[in-house]
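Numbers restart at 1 for each chain; the letters A, B, ... are given by sequence-line order, proteins then strands.
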Amino acid sequence: MDLHKVKFEVLRFRPEQDQEPVFQSYEVDCMDDWVVLDALNAIKDDIDPTLSHRWSCRMGVCGSCGMLVNGRPVLTCAAFVRDYPDVIRVEPLSNFPIVRDLVVELDGFVQKIQSVKPWIIRRIEKDLSEGEYRQSAEQLDEYKQFSMCINCALCYAACPVLANEPEFVGPAAIALAHRYNLDSRDEGNAERFPVLDSHDGVYACSFANECSQVCPKHVDPAMAIQQAKLTDFLEWAHILPKKSFT
Amino acid sequence: MEVFRHDIVLVGGGGAGLRAAIAAVEADPRLSVACVSKLYPMRSHTVSAEGGAAGVARDDDNLDLHAKDTIKGSDFLADQDAVEGFVEEAPRELYQLEHWGCPWSREKDGRVAVRAFGGMSTKRTWYATDKTGFHMLHTLFQTSLKYSGIVRYDEWFATRLLVENGRAIGVAAFDIRTGAMHAVLGRAVILCTGGAGRIFPFTTNAAVKTGDGMALAYRAGVGLKDMEFVQYHPTGLPGTGILMTEASRGEGGYLKNNKGERFLITYDYGVGNKAELGPRDMVSRAEIREFQAGRGFKGPYGDYVHLELMHLGEEKIDKRLPFVRELAKNYVGVDPVWQPIPVRPVVHYMMGGVDTDKNGATELPGLYAAGECACVSINGANRLGSNSLTECLVFGARAGRHAAEFVKGSTTGSEASAQEQARSEEARLARLRGKHGGEKIAQIRRELNHSTESGCGVFREEESMRATAETVAQLKGRYADVGLSDTSQIFNTEVVQALELGNMLDVAEAVAISALARRESRGAHTRTDYPTRDDNGFWKHSLVKFAPDGPRLSYKPVVKTRWELEERKY
Amino acid sequence: MSAHAPAPAAKTRTAPARPPSGFPLGFYRYRNYVVFAATSLFMMLGCAMLLDALHALGQGEAAWQAFLARMARPYYVATSTVVLLFTLYFVFRFAWVGRKIAAGRIGPIPRPPVPMAITGILPMGGFVTLWLLLLLILGGFWL
């Protein structure tokens with residue numbers, strides 16, 4: 001396995017000593033099959049242990065390692081060094097305040113996810129002894145795609161609306177709300193309506209579609225948002241009942 | 001020094017932790033349950049689990065069969081009463097998850113689908129395509145948001161168990177964001193921190209699997225049980241160790257050597273006609289033996305065999321194993337529809353852990369543990385695939401309920417004692433941040449990894465294990481002289497790594513000591529110098545306890561109810 | 001918890017959020033988005049022109065003839081063409097949205113047995129087509 005030198009320009013921010021973020025360069029010997037995350041870990045382990053970054057599963061499912069690589073929001077565990085030129089710029093996700101180096105403030109994001117009540121809401125719950133709610137493969141397919149979100153927040157980093165309106169509830173939150181609204185077992189769209197219908201809800205989206213372009217799990221949040229807009233309008237106009245789907 | 005008061009404190013926010021939290025607040029909605037996790041909960045390693053969760057669901061299946069499979073799979077080291085309770089509660093827990101919205105894959109009639117899995121005599125593994133852990137974790141996390149009684153401390157690292165008068169009263173934890181140490185008090189503490197695969201170099205495990213909870217309990221004097229039993233998963237990608245789920249074999253995949261033989265059938269590896277669906281320890285051993293016989297493929301990350309899925313067809317792969325296809329394409333450049341995937345055994349799960357009873361209670365009053373970090377034991381010397389996700393649910397729920405019951409009669413620990421212990425932790429953390437020793441974290445970690453793999457790998461023998469035990473002891477000494485470059489308070493991940501390394505060294509010590517002492521081969525613990533199972537001498541659980549002058553080893557009996565010991569052949 | 005709740009106060013000093021890289025004009029997809037946003041200005045201009053036409057219509061024959069004469073002037077034709085181009089781009093991009101709006105099911109109403117793109121395009125396309133026709137007619141390009 002060959003090694004080749006790659007230059008990484010990493011945005012640093014140490015709140016106790018830096019006035020503002022500043023780029024720092026590192027030369028890293030990379031193996032052919034490395035991902036950008038491997039290089040960041042090599043920097044942390046052997047070159048500069050003061051670099052802070054989040055990561056965990058390194059297989060694209062935990063959502064921790066989202067960053068901007070050469071300007072594009074990607075999961076650094078799935079961004080292969082061989083696909084980039086010999087100078088790679090790594091920055092923390094855009095549209096989020098920077099806590100430290102490549103670590104961004106995610107509490108607001110988590111709060112938005114929580115605000116759409118992402119859990120099964122039913123009038124009457126079945127007893128466990130009666131077994132499962134029957135759900136056909138077609139019914140599962142209706143929301144399946146929107147349930148694949150790993151909460152990596154790349155969509156929030158890419159969204160131009162969030163750049164100017166940080167209160168926008170955002171693609172992942174709306175996709176998650178829509179996932180539950182479409183789930184045949186759920187009856188809670190009336191509960192989610194206020195958040196989706198609000199000024200910071202679905203109507204803040206002006207269809208840049210960047211969220212779906214960067215989503216590593218092909219959730220297509222833009223699709224969820226546009227569908228949610230139509231559903232929201234029909235409910236607001238009382239053409240569709242808000243109460244229950246089942 | 002801020003002290004936060006709750007009724008129950010959980011450490012770890014994965015499958016077991018979230019299930020325990022929900023169980024506790026459902027048992028008593030007035031309870032305040034703190035969930036202290038070094039990660040946002042949806043990042044927990046449960047998320048990477050792929051294949052499925054086992055529970056009796058079909059009419060042609062029964063609880064005794066699931067129990068027998070589990071006990072036999074454990075090479076008869078599992079406590080049979082615990083297994084009986086486990087298989088009985090398993091279906092209920094899985095239905096509960098379905099009610100909470102988990103998108104289980106379905107049969108044509110809308111009922112939950114089940115698939116075949118290693119060591120299971122019939123289909124009973126519930127699955128959500130091949131991202132079961134992901135869907136389960138997100139369902140649990142999202143459901144936990146319903147309960148205002150669950151208070152989360154995201155990205156807080158627990159460094160010490162607070163004990164007063166022989167009782168667990170909470171944890172000392174620091175906020176990774178601010179660097180400030182705090183005391184989080186609770187009348188019960190539940191450890192759900194997962195395993196410690198990262199003590200090995202090649203593992204399916206995420207970075208965070210460093211055995212933190214095991215080390216917390218160990219240092220508080222609680223025993224770690226059956227630590228010598230480390231499960232190697234037969235199909236991990238060489239190099240990265242990324243998991244290729246057992247479901248790929250469950251759906252019909254083959255394992256072939258460099259002669260194109262399905263070696264599990266061609267040669268006698270004890271799996272009988274189960275072939276690729278033999279238990280994990282047997283399949284992993286078979287692969288290593290194939291490498292030793294020169295029938296493995298050679299690669300830059302060691303030998304490997306082929307996992308063939310081509311005969312399943314693109315449609316079945318896309319429907320049942322889409323994530324496997326994606327991972328193989330991205331990380332080894334192989335499309336399993338057309339080419340075989342290179343795989344080799346990689347460390348995956350620790351059967352051992354914090355010694356608990358059937359309800360998750362440890363010997364320390366007020367301290368509970370559940371999930372991979374605990375050892376009840378239902379997995380004995382070898383775990384069957386798809387029992388672990390169910391284990392998180394069953395024992396997470398039990399620990400939560402029992403902790404809720406326990407706190408009814410108990411009193412909160414004294415704030416003075418908590419403050420004092422937390423202050424000493426604060427000082428320890430400050431000293432660690434400022435250390436300018438000559439040793440480097442990454443170097444000690446690499447040497448640890450090298451030592452565990454060479455000494456406590458799939459095949460072990462006296463010399464290699466002794467070498468590992470000695471190396472770990474040396475590394476612990478060198479760890480005391482570690483040097484850190486990052487002296488900052490705010491989001492200092494170097495100090496987190498240093499703490500994790502300390503935890504890993506404690507866990508590795510327990511693994512090596514227990515492995516050395518067990519002079520037999522059972523389940524995942526295979527010794528070339530003692531190649532057979534010795535029921536007369538070693539049908540018992542090992543127990544390691546921390547002592548200042550070196551770990552103390554003892555043994556505990558195995559509970560047997562209805563199943564007699566027999567030769568483990570399939 | 002609501003989207004309207006104020007963001008939790010930062011526990012430590014943070015650096016301000018940085019805008020997406022390549023926004024607004026550096027990256028081609030963001031450029032397309034800006035053009036899409038700009039269509040609103042030109043469509044507003046087109047509406048103003050329509051209103052002008054309607055007003056002239058209401059003022060009697062002489063005003064209408066004056067309006068027709070104004071429409072034939074090169075600057076008016078040029079402006080109308082630019083408005084038309086931006087409107088066409090809007091229609092194209094909105095039809096692209098259309099295929100995403102067509103859900104598998106809206107409430108209890110299942111997806112109609114026609115391709116998703118069409119069910120999405122029809123309502124929006126219909127409206128935009130009508131408006132385009134009006135523009136063409138009033139612009140003197142047709143009828």
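The line from OG1 of C:Thr12 to CD of A:Glu16 is 8.5 Å long, rounded to the nearest 0.5 Å.
In terms of heavy-atom pairs under 4.5 angstrom with chain A, the leader among C:Pro20, C:Pro19, C:Ser21, C:Ala37 is C:Pro20. For the set A:Asn70, A:Asp220, A:Asp18, the entry with the most heavy-atom pairs within less than 4.5 Å of chain C is A:Asp220. Contact count versus chain C (heavy atoms, under 4.5 Å) is highest, among A:Ser206, A:Pro21, A:Pro166, for A:Ser206.
Within the 4.5 angstrom heavy-atom criterion, only side-chain atoms of A:Glu91, from C-beta onward, approach chain C. No part of A:Arg192 comes within reach of chain C, as not one of its non-hydrogen atoms sits under 4.5 angstrom from that chain. Heavy-atom distances place the side chain of A:Leu11, and not its backbone, under 4.5 Å from chain C. Looking at A:Ala158, both its backbone and its side chain come within 4.5 Å of chain C, counting heavy atoms on both sides. Using a 4.5 Å cut-off between heavy atoms, A:Phe13 touches chain C through its side chain atoms alone. Interface residue A:Arg72: only side-chain heavy atoms are found under 4.5 Å from chain C.
With hydrogens and angles disregarded, no donor-acceptor distance shorter than 3.5 Å links the side chain of C:Arg29 to the backbone of A:Gln213. Under the 3.5 Å distance criterion, the side-chain polar atoms of C:Arg13 are matched with a main-chain donor or acceptor of A:Pro15.
C:Phe36 places none of its side-chain heavy atoms less than 4.5 Å from the side chain of A:Asn209. At a threshold of 4.5 Å between non-hydrogen side-chain atoms, the residues C:Tyr33 and A:Glu210 do not count as touching. C:Pro16 is not listed as a side-chain neighbour of A:Glu20, based on a closest heavy-atom distance of 4.5 Å or more. The side-chain heavy atoms of A:Ile98 and C:Arg18, taken from C-beta on, include a pair separated by under 4.5 Å. The side-chain heavy atoms of A:Val99 and C:Lys11, taken from C-beta on, include no pair separated by under 4.5 Å.
A side-chain contact (heavy atoms from CB on, under 4.5 Å) with C:Phe23 holds for exactly one of A:Ser94, A:Pro160, A:Cys159; it is A:Pro160.
Other residues, nucleotides and ligands contribute at most 12 non-hydrogen atoms within 6.0 Å of the CZ atom of C:Phe92.
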